[in-house]
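In what follows, a single structure is set out as structure tokens and then discussed.
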2 protein chains.
Amino acid sequence: MEDRKNATIVDVAKMAGVSVATVSRVVNGNYPVKVETRERVQTAIETLHYVPNVQARELNTRRSSTIGVVVPGLYNMFFAEVIDGIEETVRKDGLSLLLNCAKNDPQQEMNCINALVSRNVSGIIVISPNTADIKESFYADLVKRIPLVFINGYHRIPNVSYVGNDEKLGSRQALEYLEGLGHQRILFVRGANSDSYAIKEESYRQHMAENKRLEEQLIVNIGEGNGVETVDSTMARLLEIIPQAKPTAIFCCNDLMAVGALNACKRLGLKVPEDISVMGYDNISLSRLIEPKLTTMDQNMFQLGSNAAALLTEKIKGGKSKRITLDNVLITRDSTGPVR
Amino acid sequence: MEDRKNATIVDVAKMAGVSVATVSRVVNGNYPVKVETRERVQTAIETLHYVPNVQARELNTRRSSTIGVVVPGLYNMFFAEVIDGIEETVRKDGLSLLLNCAKNDPQQEMNCINALVSRNVSGIIVISPNTADIKESFYADLVKRIPLVFINGYHRIPNVSYVGNDEKLGSRQALEYLEGLGHQRILFVRGANSDSYAIKEESYRQHMAENKRLEEQLIVNIGEGNGVETVDSTMARLLEIIPQAKPTAIFCCNDLMAVGALNACKRLGLKVPEDISVMGYDNISLSRLIEPKLTTMDQNMFQLGSNAAALLTEKIKGGKSKRITLDNVLITRDSTGPVR
DNA sequence: CTGTTAGCGCATTCAC
DNA sequence: GTGAATGCGCTAACAG
């Protein structure tokens with residue numbers, strides 16, 4: 001391993017017989033340089049394999065072309081798809097992406113943020129920030145020094161930009177769709193510890209109450225709702241509940257739970273959608289890989305990511321904070337049908 | 001948005017009434033400082049919200065605490081899980097992770113690499129490098145300047161470290177397992193354009209030939225094998241092939257294809273595993289979410305990532321290049337059973 | 001123990 | 001058009 005130092009601008013200058021300033025000019029193309037010298041410099045660059053040192057450049061321009069992204073984890077395809085959206089958009093602006101996993105740990109989340117700040121990123125996107133367990137001043141202070149965008153954040157903090165879905169409206173739409181198919185006994189399946197579930201539950205309660213058919217036994221919380229174990233734990237739980245509650249449809253707060261519900265129905269000998277309808281939320285890729293393909297509400301993960309990236313670059317350029325709310329759209333597939 | 005400049009080491013020094021060197025010492029804790037002054041400095045740091053500028057530090061220590069990761073895309077959970085492994089390991093060494101997607105485009109892949117080099121990363125991990133379409137000298141030159149690790153790379157380049165699975169052995173194991181269940185007509189399903197598939201096919205051919213039951217019609221290539229559309233395209237294809245070839249088992253080169261095979265069987269009214277066995281490869285999370293749960297070969301994605309990270313830090317510290325080959329392990333679940 | 005100083009690699013005035 | 005000089009924020013000798 002030849003530890004031959006990488007060539008610097010000085011080396012190039014020497015080889016080309018010019019000053020470093022000139023080299024800088026041809027590299028950045030921001031000032032006129034005589035064609036002949038430019039060519040001399042360029043061949044020097046090539047033979048030396050010279051690559052400008054971005055750190056040094058950014059140190060003295062006090063700008064930075066990398067942004068930070070903090071995500072709860074990659075195990076969940078939801079986040080992976082969001083990141084995909086961020087990456088693609090951000091690349092078009094010539095920015096690079098520093099990725100950190102917070103592992104659902106608030107302390108870790110703060111560590112990640114600090115690491116990003118010290119790396120001098122020009123902005124940060126946080127997916128599902130744990131605003132409940134981090135004292136508000138942390139993010140409030142942070143946003144004074146650096147542009148901040150939250151994806152799926154529910155506590156409003158001044159000056160941070162938000163991208164999210166209108167899940168209240170989305171749940172209502174889902175419920176109305178099921179009712180349109182004639183369903184009245186709709187089981188509501190949620191997980192623990194996320195504002196997202198709370199919002200959906202509220203929407204469900206409100207809607208069912210309006211129609212005078214709210215029953216507490218139709219609401220079930222299956223605990224941790226975001227891991228791979230979610231599928232199995234949902235199934236186990238519903239194996240008991242379905243026979244008791246006898247719903248004609250099941251509305252799940254995310255697709256993992258819906259797949260669990262599907263598996264439970266299968267074991268109970270219930271045909272989907274003939275005997276019972278199952279509906280998910282998110283539209284992760286999994287939902288169209290299984291049989292029957294899942295009817296679900298699309299959370300536009302990719303869009304979430306690309307919008308967040310756009311908002312961030314806007315703030316970096318000095319724009320003000322903004323809030324973008326996307327509409328969930330109903331994806332009708334094969335797991336739902338008319339009540340029989 | 002208060003564009004109050006972030007505090008620098010000079011500001012802290014002034015406020016604490018000491019020299020910048022002293023501040024540097026308490027920040028890095030590498031030289032003794034009198035308790036009293038240390039405390040003065042620390043309070044200054046806190047009131048100023050001082051965060052050291054890593055770029056500046058690394059510029060003059062000529063070290064870098066970020067590494068680069070190039071991945072074909074995030075849409076495939078395989079890669080997401082590998083990255084998860086990298087991230088976790090790398091964090092323990094205090095390194096940050098710069099993520100780039102090559103989108104299966106060789107040109108893009110080279111761009112990503114160059115961007116990483118100019119950002120002065122201390123090493124690069126490439127997942128499934130496109131060594132076929134990138135001229136060999138590119139990586140050969142690169143590794144002269146910067147430590148390099150390939151995950152699932154098949155062309156050997158001197159001085160780069162490799163992490164991969166023994167897929168040749170793994171396929172053989174899978175085949176033997178199926179044969180142990182009494183299967184003789186085993187359909188082989190592969191995708192296009194990946195050395196990984198070629199290795200498995202070779203293993204299949206060899207094995208079947210040994211037992212004198214190699215039949216060309218039992219080998220099928222379903223084209224693109226890594227996207228979400230893979231499931232459906234595999235299903236469509238097998239819907240035609242299964243009735244003709246009448247296999248008692250199907251061996252698929254990855255889990256997406258296996259799920260497609262499962263769906264095809266369902267449509268054909270074949271019960272799995274009673275009527276026909278289906279086997280996948282990879283053990284992505286999807287494989288244990290569907291019904292029946294898939295029997296598959298575990299590619300240890302997380303381990304792939306963490307081992308690659310370990311190899312990289314080793315090289316960064318001056319170690320030599322290495323090759324790690326993990327063994328695929330058979331995960332027996334519900335999609336396979338004895339031939340009837 | 002602590003302060004002074006010299007760069008790290010580069011972009012940018014300001015002269016020429 | 002081009003070169004010399006300055007400084008970005010920080011660490012690492014080197015003196016005290």
Side-chain angles (χ1 to χ4, degrees), chain A residues 3-42 44-45 48-66 115 117-122 145-146, chain B residues 3-42 44-45 48-66 94 117-122 145-146:
Chain A
D3 213 326
R4 198 170 34 209
K5 270 187 46 161
N6 288 348
T8 79
I9 198 171
V10 179
D11 302 323
V12 177
K14 259 179 211 151
M15 170 174 268
V18 297
S19 75
V20 295
T22 303
V23 178
S24 172
R25 284 171 190 132
V26 348
V27 169
N28 295 298
N30 47 359
Y31 286 94
V33 174
K34 213 198 310 182
V35 181
E36 183 199 315
T37 43
R38 189 211 314 291
E39 281 168 359
R40 252 202 348 269
V41 171
Q42 257 150 0
I45 287 178
L48 255 32
H49 287 100
Y50 169 70
V51 180
N53 181 324
V54 175
Q55 293 191 176
R57 171 187 299 165
E58 296 189 343
L59 177 58
N60 90 11
T61 54
R62 273 163 302 288
R63 281 181 289 107
S64 161
S65 63
T66 101
V117 171
S118 72
R119 282 204 147 59
N120 197 26
V121 295
S122 57
R145 353 174 61 216
I146 195 170
Chain B
D3 213 327
R4 199 171 32 208
K5 271 187 45 162
N6 287 348
T8 78
I9 198 172
V10 179
D11 302 323
V12 177
K14 256 179 212 151
M15 170 174 267
V18 298
S19 74
V20 295
T22 304
V23 177
S24 172
R25 284 170 189 131
V26 347
V27 169
N28 295 299
N30 48 1
Y31 286 94
V33 174
K34 213 199 312 183
V35 180
E36 184 200 315
T37 43
R38 188 209 316 291
E39 282 168 358
R40 249 199 355 266
V41 171
Q42 257 150 359
I45 286 178
L48 256 32
H49 286 100
Y50 169 69
V51 180
N53 181 324
V54 176
Q55 292 190 180
R57 170 186 301 166
E58 297 189 342
L59 177 58
N60 86 12
T61 55
R62 273 164 301 290
R63 280 182 289 108
S64 161
S65 62
T66 101
V117 171
S118 71
R119 282 203 147 59
N120 197 26
V121 295
S122 57
R145 354 172 62 217
I146 195 170

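Quick note on labels: first sequence line is chain A, next is B, and so on, each numbered from 1. Worth saying up front: this structure is predicted, and the values here are computed from it rather than measured.
Counting only distance, with no hydrogens or angles, the side chain of A:Arg145 and the backbone of A:Val117 share no donor-acceptor pair below 3.5 Å. Distance alone, capped at 3.5 Å, places no donor-acceptor pair between the B:Arg63 side chain and the B:Glu58 backbone. B:Asn28 places a side-chain N or O within 3.5 Å of a backbone atom of B:Ser24 that can act as its donor or acceptor partner. A:Arg25 places no side-chain N or O within donor-acceptor distance of the main-chain N or O of A:Tyr31, the cut-off being under 3.5 Å.
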Check the pair A:Asn53 / A:Thr8 against side chain to side chain contact (heavy atoms under 4.5 Å, CB included), numbers first and verdict last.
-> CA-CA 8 Å; A:Asn53 181 324; A:Thr8 79; over 6 Å; no
Give the C-alpha distance, both sets of side-chain angles, the deciding distance and a yes or no for side chain to side chain contact (heavy atoms under 4.5 Å, CB included) between B:Ile146 and B:Val121.
-> CA-CA 8 Å; B:Ile146 195 170; B:Val121 295; 3.6 Å; yes
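Heavy-atom nearest nucleotides on DNA chain D were determined for A:Val20 and for A:Val35, and the one closer to the 5' end corresponds to A:Val35.
Comparing D:dG9, C:dC10, D:dT2 by their nearest atom to the side chain of B:Asn60 picks out D:dG9. Of the candidate nucleotides C:dG3, D:dG3, D:dC8, D:dC8 has the atom lying nearest to any side-chain atom of A:Arg62. Distance from the side chain of A:Ile9 is smallest for C:dC10 among the nucleotides C:dC10, D:dA12, C:dC8. Side-chain proximity of A:Arg57 to C:dC10, D:dC10, C:dG9: nearest is C:dC10. Distances from the side chain of A:Ala21 to the nucleotides C:dC10, D:dG3, C:dG3 place D:dG3 closest. For B:Lys34, taking side-chain heavy atoms from C-beta onward, the closest of the listed nucleotides C:dT2, D:dT2, D:dA12 is C:dT2. Among the nucleotides D:dT2, C:dT2, C:dG9, the one closest to the side chain of A:Arg25 is D:dT2.
Rounded to whole Å, atom P of C:dC10 lies 14 Å from atom CZ of B:Arg119. Distance A:Gln55 CD to D:dC8 P: 18 Å, rounded to the nearest Å. Separating the CG atom of B:Asn120 from the P atom of C:dG9 is a distance of 9 Å, rounded to the nearest angstrom. Between A:Lys14 atom NZ and D:dG3 atom P the separation is 15 Å, expressed in whole Å. The distance between atom OH of B:Tyr31 and atom P of D:dT11, rounded to the nearest whole Å, is 12 Å. Taking atom CZ on B:Arg63 and atom C1' on C:dG9, their separation rounds to 17 Å, with Å as the unit. The interatomic distance linking B:Asn6 (CG) with D:dC8 (P) rounds to 15 Å, in whole Å. One interatomic measurement links the two molecules: CG of B:Leu59 to C1' of D:dA12, which rounds to 14 Å at whole-angstrom precision.
Residue contacts shown for A:Val18 are limited to sugar-phosphate atoms, with no base heavy atom under 4.0 Å away. Residue-level contact check: A:Thr22 touches the backbone only, with heavy atoms under 4.0 Å from sugar-phosphate atoms and none from bases.
Rounded to 10 degrees, the angle separating the terminal axes of the helix from C:dC1-D:dG16 to C:dC16-D:dG1 is 40°, with each axis obtained from five end pairs.
The shortest side-chain heavy-atom distance between B:Leu59 and B:Gln55 does not fall under the 4.5 Å cut-off. No side-chain heavy atom of A:Val51 sits less than 4.5 Å from a side-chain heavy atom of A:Asn6.
Phosphate contact (OP1/OP2 of C:dG9, side-chain N/O of A:Thr8, threshold under 4.0 Å): absent. Within the structure, a side-chain polar atom (N or O) of A:Asn30 is placed less than 4.0 Å from OP1 or OP2 of C:dT12. When the side-chain nitrogen and oxygen atoms of A:Tyr50 are compared with OP1 and OP2 of C:dC10, one or more of them lie within a distance under 4.0 Å.
Within 3.5 Å, no donor on the side chain of A:Asn53 pairs with an acceptor on the base of C:dC10, nor the reverse.
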